[in-house]
Amino acid sequence: MSTVIRLRKGLNIKLAGKAEKILLPETAVDRFGVRFADFPGLTARLEVREGDKVMAGTALFHDKAYPEIKYVSPVSGVVREIIRGEKRVLTEVVIDRDRDDRVDFGVADPLKMTREAVTERLLSSGMWPLLRQRPYHIVARPGTAPRAVFISAFDTAPLAPDIDFIMANVHGNHLQTGINVLSRLTDGKIHLSQEAGGSRVAEVKNLTGVEFHQFSGPHPAGNVGIQIHHIEPVSKNEVVWTVDIQDVVALGRLFDTGFHDRERIIALAGSGVLHPKYHRITPGASVGGILKANLGEGNHRVISGNVLTGRRIAADGSLGFYDNMVTVLPEGDYHELLGWATPGLKKFSYWRSFVSKLLPRKDYEMDTNLHGGRRAFVMTGHYENVLPMDIYPIYLIKAIMAGDVEQMENLGIYEVAEEDFALCEYIDPSKSELQEIIRSGINLMIKEMN
Amino acid sequence: MSFLLDKMKKMEPLFEKGGRFEKLRSVYDGFATFLYVPDQVTSRGAHIRDYMDMKRTMIIVVIALIPALLFGSYNIGLQHTRAFGIVDWSLMQMFWFGFLKILPLIIVSYVTGLGIEFVAAQIRGHEINEGYLVTGMLIPLIMPIDVPLWMLAVSVAFAVIIGKEIFGGTGMNILNPALTARAFLFFSYPAWMSGDTVWIEGLTKGGAIDAFSGATPLAVAKLDGIARMPSAMEMFVGTIPGSVGETSVIAILIGALILLVTGVGSWRIMLSMTLGALGMGLLLNLTGGNAYMQIPAYYHLIMGGFAFGAVFMATDPVSAAQTNTGKYIYGALTGILVVIIRVFNPAYPEGTMLAILLMNVMAPLIDHYVVQANIRRRVKRVRTA
């Protein structure tokens, strides 16, 4: 078995509301949506209009720069609405489901296909956006084979689902086929990173054609970007791909059954949920069904994804394209008398100035209050403690703020995604929006490099 | 306490744009957010944020300074009794005497400094920076007790405006603001910042008992070496003449403990600065030469402003080196420089202030080379790939 890569830097946020390992059957969902913001850097061109009939697998829009990358409807029905935001920026395509038929792409064995044929099939079926690339953490660009493919088989984010539990319950035996699909797309290796000890699920354990790695340590050890950095970091002029493990299953399902079917298992968690459990659901589906009669009293925030990197959605909003959990937290819209001066018995913190640091307590309720005001960077030496990469976070951030492209490249912009900086953002006493800065840096790089 | 919040909310419109007290927005804001952590929720990025903020960070440093302040108050009284031959004061009397002497210094420091901060925040449309809470306490503690209040006010204004605000405020400054204030006084009014009389309350006006000198251990060491210096124990406890907060190594160590336990102060800088001074001191012991070179190396750690500087000044995260490797280098060089300036500079007996200010200027350069090493590792990877 592979050696364990031990990471010491990072932080496990002890958030209350972990999902119980009980899987609930899929509830019928009528409203689906595909959100444009799930694909950073994308300039979309619509292929449908309001009122059009679509099938599961019909293209809704494509990438202006790469017209062959299509984004398809997850369900068969009618395009009810194309929502636009400020300055008419495309926000979401909403689809009302009315039947269950799907586009049949035909059964096929990836191992007997050429790279071109596999690529073509992924593009036409709308499965291509499941492949994401580093640098930039965007949808992979077709045409270049990646140096390697990286898959993370565990998630360390706050309240994240147990991927082993998910893999043990996922419908159908498609994981190996999915790996076979990926093996046609790269000449390099397929790296699969697991928690120390490895998976207990036979289907994962017995995979062939992948190189296993094991990691131990706190969050963000489960972030694929951190794993890449420790297995084989991305250098200039290199491209690697990353795929969510449940999407590997979906890739396999496309070839084994012929259908675009991304049904997955997600955790519904957080202290705002009455019954935090696991659910079967398709990305794009409204979460209104699973949240029905399941929300606690008071003002809550529903987040598609985890509390560090997820997106705020309405209580009946749609599950994000890549998300494997929904978190509900109480909103923190209250004033706290001398809040900065309390000893902090009930306040979980990275910082040792809170008494909670000495307590053995396992979970803490947290809300969305900012707990302070925005300031210039003052503290040093702490962001490094929660970023297990050979990167100087503040120097990279400052290079981005200065728009210094060469320095950004020198300091490792190719290796990072905003999610890797989420913990730096969480602990920051100056309350800076570091993830947003990282994304703006990546966007600048994309612009400069084209 | 919600009536307080109601009252606050009711007043808020007066301070907003177009309100009657629009020009006092930063003042209102400063006090309101001090009293209540605002109800602002996360809008972008991570949905949860740590409870730690700048207010808490800065207040921890202020708390860490309290032992030095308390001992300093007592020591002002103690030194006064020694100088004027008073024999019947109780410990509390000495403490109150000293405390009432230092209180005006603290008030002038805060009123001047925070006043400027409020104006700067108003001009920039920012919130008040909490950085001055620390600086405002540091400045009185590194002053001779007899410094005239107007001089203090001028040096505070210089430090805050020229040392900090013209660079963009807390977080942007190059030099430690408190030391900038002291350096300003040191070079503008040297008679008030050195010599044998300024360190003891009332001594500048004369009237001390016979044979009382009032010289600090540093001045003594400069002249005569170890022969007439106070004992190491006296210097460690702090019952010696000197700046208000810097004499007691014990009180400073309590502060250091608070900073280290809470993780607010950098142990890397404190440790490497101590080792740097100790190493340089030992080296001088070996080479010998004048009397100052022969005082035991560890004396450098307990006399003058070294301990105070290492714990509270050199560790200022904004003006120190920012990379972890850089902090070791920065601390060690500061420690070495302190001893070099003390021993070899004919003009000043103390070197801590100048060493830290000089290294503040060098810190970005140190960081630059540390970051360059990281860049070279990355570039090398591309070539070998």
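Residue numbers start from 1 in every chain, and the chains themselves are labelled A, B, ... in the order their sequence lines are given, proteins ahead of strands. Only a predicted model underlies this, so the values are computations on that prediction, with no experimental measurement involved.
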When you check the gap from the basic side-chain N to the acidic O, do A:Glu415 and B:Arg381 get nearer than 4.0 Å?
yes
Can you see which heavy atom on B:Val37 is nearest to which on A:Trp340, and at what distance?
CG2-N, 3.6 Å
Distance-minimising heavy-atom pair for B:Gln322 and A:Lys398:
OE1-NZ, 3.8 Å
In terms of heavy-atom proximity below 4.5 Å to chain A, should B:Val318 be classed as side chain, backbone, both, or neither?
both
Testing the basics here: between A:Ala422 and B:Ala46, what is the closest heavy-atom pair and its distance to 0.1 Å?
O-CB, 4.5 Å
Under 4.5 Å from any heavy atom of chain A - which part of B:Arg377
side chain
About how many Å separate NE2 of A:His335 and CG of B:Asp6, when rounded to the nearest 0.5 Å?
10.0 Å
Heavy-atom proximity to chain A below 4.5 Å, by part of B:Ile63:
neither
Taking the side chain as everything from C-beta on, heavy atoms only, tell me whether A:Leu337 gets closer than 4.5 Å to B:Leu35.
yes
For B:Lys327 and A:Thr380, run side chain to side chain contact (heavy atoms under 4.5 Å, CB included): C-alpha distance rounded to whole Å, both residues' side-chain angles, the deciding distance at 0.1 Å, then the answer.
CA-CA 10 Å; B:Lys327 279 176 183 157; A:Thr380 62; 2.9 Å; yes
Report yes if the side chains of A:Leu411 and B:Ile375 come closer than 4.5 Å at any heavy-atom pair, otherwise no.
yes
If every non-hydrogen atom of B:Met52 is compared with every non-hydrogen atom of A:Lys431, which pair is closest and at what distance?
O-NZ, 2.8 Å
Kindly indicate whether the side chain of A:Met366, heavy atoms from C-beta on, has any atom under 4.5 Å from the side chain of B:Arg49.
no
Main chain of A:Thr342, side chain of B:Arg56: is a donor-acceptor contact present, judged purely on distance under 3.5 Å?
yes
For chain A, which candidate among B:Gln372, B:Met172, B:Glu130 shows the most heavy-atom pairs at distances under 4.5 Å?
B:Glu130
For B:Thr325, is it the side chain, the backbone, both or neither that has a heavy atom under 4.5 Å from a heavy atom of chain A?
side chain
So for B:Ile60, is it side chain, backbone, both, or neither that comes closer than 4.5 Å to the heavy atoms of chain A?
side chain
If you define the side chain from C-beta out and look only at heavy atoms, does anything of A:His371 sit under 4.5 Å from B:Asp50?
no
Which heavy atom of B:Leu260 sits nearest a heavy atom of A:Arg352, and at what distance?
O-NH2, 2.7 Å
Shortest non-hydrogen pair, B:Asp53 vs A:Gly372, comes out as OD2-CA, 3.7 Å
Quick one: pull up CG in B:Asp367 and OH in A:Tyr395 and give me the separation to the nearest 0.5 Å.
3.0 Å
Between the side chain of B:Asn374 and the main-chain N/O of A:Asp390, is any donor-acceptor distance below 3.5 Å?
yes
What part of B:Thr42 gets within 4.5 angstrom of chain A, counting heavy atoms only: side chain, backbone, both, or neither?
both
